[in-house]
Novice: 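The structure that follows is given in the form of structure tokens.
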Amino acid sequence: MPDLRITVASPAERAEREVPQGTTAADVVGGDRAVVVARVNGVLRDLTHVLADGDVVEAVRNDEPDGRAVVRHSAAHVLAQAVQELHPEAKLGIGPPIENGFYYDFDVDKPFTPEDLSALDKKMQAIVKEGQAFARRVVTEDEARAELADEPYKLELIGLKGGSDGSSGGEESVEVGGGELTIYDNLRRDGSRAWRDLCRGPHVPTTRAIPAFKLMRTAAAYWRGSEKNPQLQRVYGTAWESKDAQKEYLNFLAEAEKRDHRRLGAELDLFSFPDEIGSGLAVFHPKGGVIRKVMEDYSRRRHEEAGYEFVNTPHLTKGKLFEVSGHLDWYAEGMYPPMELDEGQRYYMKPMNCPMHNLIFRARGRSYRELPLPLFEFGTVYRYEKSGVVQGLTRARGFTQDDAHIYCTREQMAEQLDRLLTFVLNLLRDYGLDDFYLELSTRDPEKSVGTDEAWEEATETLRQAAQKQSLELVLDPGGAAFYGPKISVQAKDAIGRTWQMSTIQLDFNLPERFELEYQAADGTRQRPVMIHRALFGSIERFFAVLLEHYAGAFPPWLAPVQVVGIPITDAHVPYLQDVAAQLRARGIRVEVDTSDDRMQKKIRNAQKQKVPFMLLAGDEDAAKGAVSFRYRNGEQKNGVPVADAVAEVLDAVERRVQV
RNA sequence: GCCCCUGUAGCUCAGUUGGUCAGAGCAACCGCCUUGUAAGCGGUAGGUCGUCGGUUCGAAUCCGACCGGGGGCUCCA
């Protein structure tokens, strides 16, 4: 039998080898337990895959993205096997790997309980320990239908695959894919079949190659993501290449929970959601209010410097305005239902500020000399979010946008976008976010208005502006709003989570609908282009992001209480009050703790409130005209002359640094 | 909107199979203590157990509806 020539590739090198017929990927790149699958000619394959002449083979380890996904996918299979052993009536949905884990959907009579979950976890442990092999088997459609006669959802997937060959490629999933149908058998050590599932694969060689997993939660999910379909029970799990990697991930989750803005908002007395007001509608307490005020003040200042004009508009309007804007056609279900006044006149809460700003533009004739005209407003809007999606400050029903609309000529558009992106990114950096990427959302043909040409021009202009920023640019096909494409700035926070922050949207549509015009230099009337942009998105949401980013320990310029004076005994209260007065005179938010707690307790309280500076004073300090710093990290600096202490605090605030 | 979980003092939580089970800690308030870097001590007050119905001799405990909250689906700033 002639030998095969293959290439063994690794990030470091490529080596040609001659191997006998029948050589598998495992023969070439296996041996290391961390290698779970192989990449053959760029396609992930089982290690049992038999190589052909000319193949390029690459080992895929379980600690790289593709390898992790395979481990997770295999873990999903083990879950499904466990479910069908413990709940034989369960019908299988799909079970793909996802970011940080996997899920599997099941149709069961009764939703899983927490007890079910821990029983499943145990069963999975047993299966993993047993070391069952994942064996791939190619089947015909008829064979698959026969074998999976009891699995209605799998049959549906087979039907989908058979019916729409290559038409759009849209329904490809991990169960069925590519050119052939495959079933994976889970084989016990004695070769008998423990379980099987329709699956594209690939899989790890045996269940033992799933080093760490944990079932996380259950939830309902619609079959194939549509509300019209039945709801299945989804079990979420996580899986990793090692126990340590999993532990690290679980620690990350714990850290995220500690930073949850809903928790910190209550602990730090920043805001609340009184039941009496209604779901998704927040009130800001004094400490949250002052943070918000500082955020807004700084933003206003920067907008002023950048030449924005400030406007104000009402929260409520007659329905006609949203007929003109098209919101009632496109957005009605996101709006609060109307109130009927004055013989059937319908008034709506505004879900967006743009129509109002258009009225300001249109209030009188406009000249090309006024353009670009940027109108800015902290505009509060109300959106009727479905009850299941409301979530803290990040998804509220009432929120305030730092909203601006820039009216300009087509010629000005590109430069405006350019400057805008730079402005946005710099401002976000001032608030302490500095790790960004950009996302370009393009047209959803199902949900959009306007001509193809206009969309194309707008999209291209945005793309060019984005590319100048030397940031990563990600595409989001079909993600645009109905009136135009958008760029959004995604920011990474202190623990690596990304948040969508600012959005910049081009709009050729609203100027049309509102018949906006300006008079050009040649005397003709022209239609302006409109750019929508919000930096924070919503102040509430941005507030939440910063709160989580800083874990409540705001930098001094944002901290609600910047300095707490802590007297060693009551006798030192007047001394500290004098220090506080000096700070207050310079605009510092300072309190002196005059409660009858002991000094240690006062420190603990200030520490828990995450106050950036504690200033202590007892006899020793008072005698020298000094104070002693205690910082949030527990460090201290003793005997600092009062003038120096004041200067240090002021400096930190003015430079907006974190301490 | 749909599914699951959940709702006991301002906060975190105990309350066994429905029958002195309405409790604790922290916070608040009142005293005592006068103290050098994360909880000093004592006392007082505070809840129609989310709401409304139902089952029962009897419900925080069982059932239903509604209203919050959480996790998802979907959607989105």
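Labels below follow one simple rule: chain letters A, B, ... track the order of the sequence lines, proteins then strands, and each chain is numbered from 1.
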Novice: Can you give one letter per nucleotide of nucleotides 68-74 of chain B, 5' to 3': B if a protein heavy atom sits under 4.0 Å from the base, S if only from the sugar-phosphate, - if neither?
Specialist: SSSBBBB

Novice: Got a sec, which residues hit side-chain contact (heavy atoms from CB on, under 4.5 Å) with Leu473(A), two or more places apart in sequence or on another chain?
Specialist: Leu438(A), Leu440(A), Arg463(A), Ala466(A), Gln467(A)

Novice: Quick one: what's the B/S/- string for nucleotides 32-37 of chain B, heavy-atom cutoff under 4.0 Å, read 5' to 3'?
Specialist: B-BBBB

Novice: Select base, sugar-phosphate, or nothing to describe what Glu385(A) touches, counting heavy atoms under 4.0 Å on all strands.
Specialist: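 Base: the residue Glu385(A), judged by heavy atoms under 4.0 Å, touches a nucleobase.
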
Novice: With a 6.0 Å cut-off on ring centres, are His87(A) and Phe112(A) close enough?
Specialist: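 For His87(A) and Phe112(A), the ring centres are under 6.0 Å apart.
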
Novice: At less than 4.0 Å, is any side-chain N or O atom of Lys486(A) found next to OP1 or OP2 of rA77(B)? Yes or no.
Specialist: yes

Novice: Hydrogens and angles aside, do His532(A) and Thr503(A) bring a side-chain donor and acceptor to less than 3.5 Å of each other?
Specialist: no

Novice: Glu276(A) has an atom CD; how far is it from atom C1' of rG7(B), in whole Å?
Specialist: 14 Å

Novice: What is the separation between atom CG on Asp402(A) and atom P on rA77(B), rounded to the nearest whole Å?
Specialist: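 Interatomic distance, CG of Asp402(A) to P of rA77(B): 14 Å.
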
Novice: Rounded to whole angstrom units, what separation is found between the CD atom of Glu540(A) and the C1' atom of rC76(B)?
Specialist: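 After rounding, the reported distance stands at 15 Å.
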
Novice: Look at all strands and tell whether Glu267(A) reaches a base, only sugar-phosphate, or nothing, counting heavy atoms closer than 4.0 Å.
Specialist: nothing

Novice: What do you reckon, are the aromatic ring centroids of His327(A) and Tyr348(A) less than 6.0 Å apart?
Specialist: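 They do not qualify: ring centres at least 6.0 Å apart.
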
Novice: Ring centroids only, cut at 6.0 angstrom: are Phe271(A) and His285(A) within range, meaning strictly under it?
Specialist: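 Distance test on ring centres: not under 6.0 Å, no.
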
Novice: Do we get Arg72(A) above Phe102(A)'s six-membered ring, with its NZ or CZ under 6.0 Å from the centre and within 45° of the axis?
Specialist: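 No cation-pi geometry.
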
Novice: Rounding to the closest angstrom, what is the interatomic distance between rG54(B) and rA77(B) at atom C1'?
Specialist: 44 Å

Novice: Between Gly639(A) and Ser628(A), which heavy-atom pair has the shortest distance, and what is it?
Specialist: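 Closest approach of Gly639(A) to Ser628(A), heavy atoms only: N-OG, 3.4 Å.
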
Novice: Nearest whole Å is fine: how far is rC3(B) P from Asp105(A) CG?
Specialist: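 In whole Å, rC3(B) P and Asp105(A) CG are 17 Å from each other.
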
Novice: Between the side chains of Gln391(A) and Thr394(A), does any donor sit under 3.5 Å from an acceptor?
Specialist: yes

Novice: Mind checking what makes salt bridge (charged side-chain N to carboxylate O under 4.0 Å, His left out) contact with Lys123(A), not counting sequence neighbours?
Specialist: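 Glu85(A).
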
Novice: What are the two closest non-hydrogen atoms of Lys287(A) and Asp269(A), and how far apart are they?
Specialist: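 Residues Lys287(A) and Asp269(A), closest heavy atoms: CB-O, 3.7 Å.
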
Novice: With rounding to whole Å, what would you report as the distance between rA9(B) and rA60(B) at their P atoms?
Specialist: 14 Å

Novice: Of all residues at least two apart in sequence or in a different chain, which pass the salt bridge (charged side-chain N to carboxylate O under 4.0 Å, His left out) check with Glu591(A)?
Specialist: none

Novice: Using atom C1' in both nucleotides, what's the gap between rG10(B) and rG47(B) to the nearest angstrom?
Specialist: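 Looking at atom C1' only, rG10(B) and rG47(B) are 12 Å apart.
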
Novice: Can you tell me the distance, in whole Å, between the NZ atom of Lys350(A) and the C1' atom of rA77(B)?
Specialist: 15 Å

Novice: In whole Å, measure the gap between the C1' atoms of rG40(B) and rU35(B) for me.
Specialist: 9 Å

Novice: Under 4.0 Å between any heavy atoms, over every strand shown, what does Tyr331(A) touch: base, sugar-phosphate, or nothing? Just pick one.
Specialist: nothing

Novice: Measure from OH on Tyr384(A) to C1' on rC76(B) and round the result to the nearest Å.
Specialist: 16 Å

Novice: Can you check the Arg604(A) CZ to rG40(B) C1' distance for me, whole Å?
Specialist: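 Value for this atom pair: 14 Å.
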
Novice: Which pair of non-hydrogen atoms, one from Gly432(A) and one from Tyr550(A), has the smallest distance, and what is that distance?
Specialist: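 Heavy atoms only, the tightest pair is CA-OH, 3.2 Å.
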
Novice: May I ask you to say whether Lys486(A) pairs ionically with Glu439(A), meaning some side-chain N is under 4.0 Å from a carboxylate O?
Specialist: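 Salt bridge between Lys486(A) and Glu439(A), a charged N being under 4.0 Å from a carboxylate O: no.
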
Novice: Write down the distance separating the P atoms in rG50(B) and rG43(B), rounded off to the nearest Å.
Specialist: 30 Å

Novice: Ignoring backbone atoms, test whether Lys601(A) places a side-chain nitrogen or oxygen under 4.0 Å from the OP1 or OP2 oxygen of rA27(B).
Specialist: yes

Novice: Can you work out whether Lys608(A) or Leu393(A) has the more 5'-proximal nearest nucleotide on RNA chain B?
Specialist: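 The residue whose closest nucleotide sits nearer the 5' end is Lys608(A).
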
Novice: What stems, by residue range, does RNA chain B take part in, given at least 3 consecutive Watson-Crick or G-U pairs under 3.5 Å?
Specialist: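 If one scans RNA chain B for consecutive Watson-Crick or G-U pairs, the stems found are B:1-7 with B:67-73, B:10-13 with B:23-26, B:28-32 with B:40-44, B:50-54 with B:62-66.
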
Novice: Could you give the distance separating rA24(B) and rA14(B) at their P atoms, to the nearest angstrom?
Specialist: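 Comparing P positions in rA14(B) and rA24(B) gives a spacing of 16 Å.
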
Novice: Check the distance between rC75(B)'s C1' and Met335(A)'s CE and give it to me in whole angstrom.
Specialist: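 These atoms are roughly 17 Å apart.
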
Novice: With P as the reference atom in both, quote the distance from rC75(B) to rG19(B) in angstrom, rounded to an integer.
Specialist: 48 Å

Novice: Mind checking the C1' distance from rU16(B) to rG23(B)? Whole angstroms is fine.
Specialist: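 Comparing C1' positions in rU16(B) and rG23(B) gives a spacing of 14 Å.
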
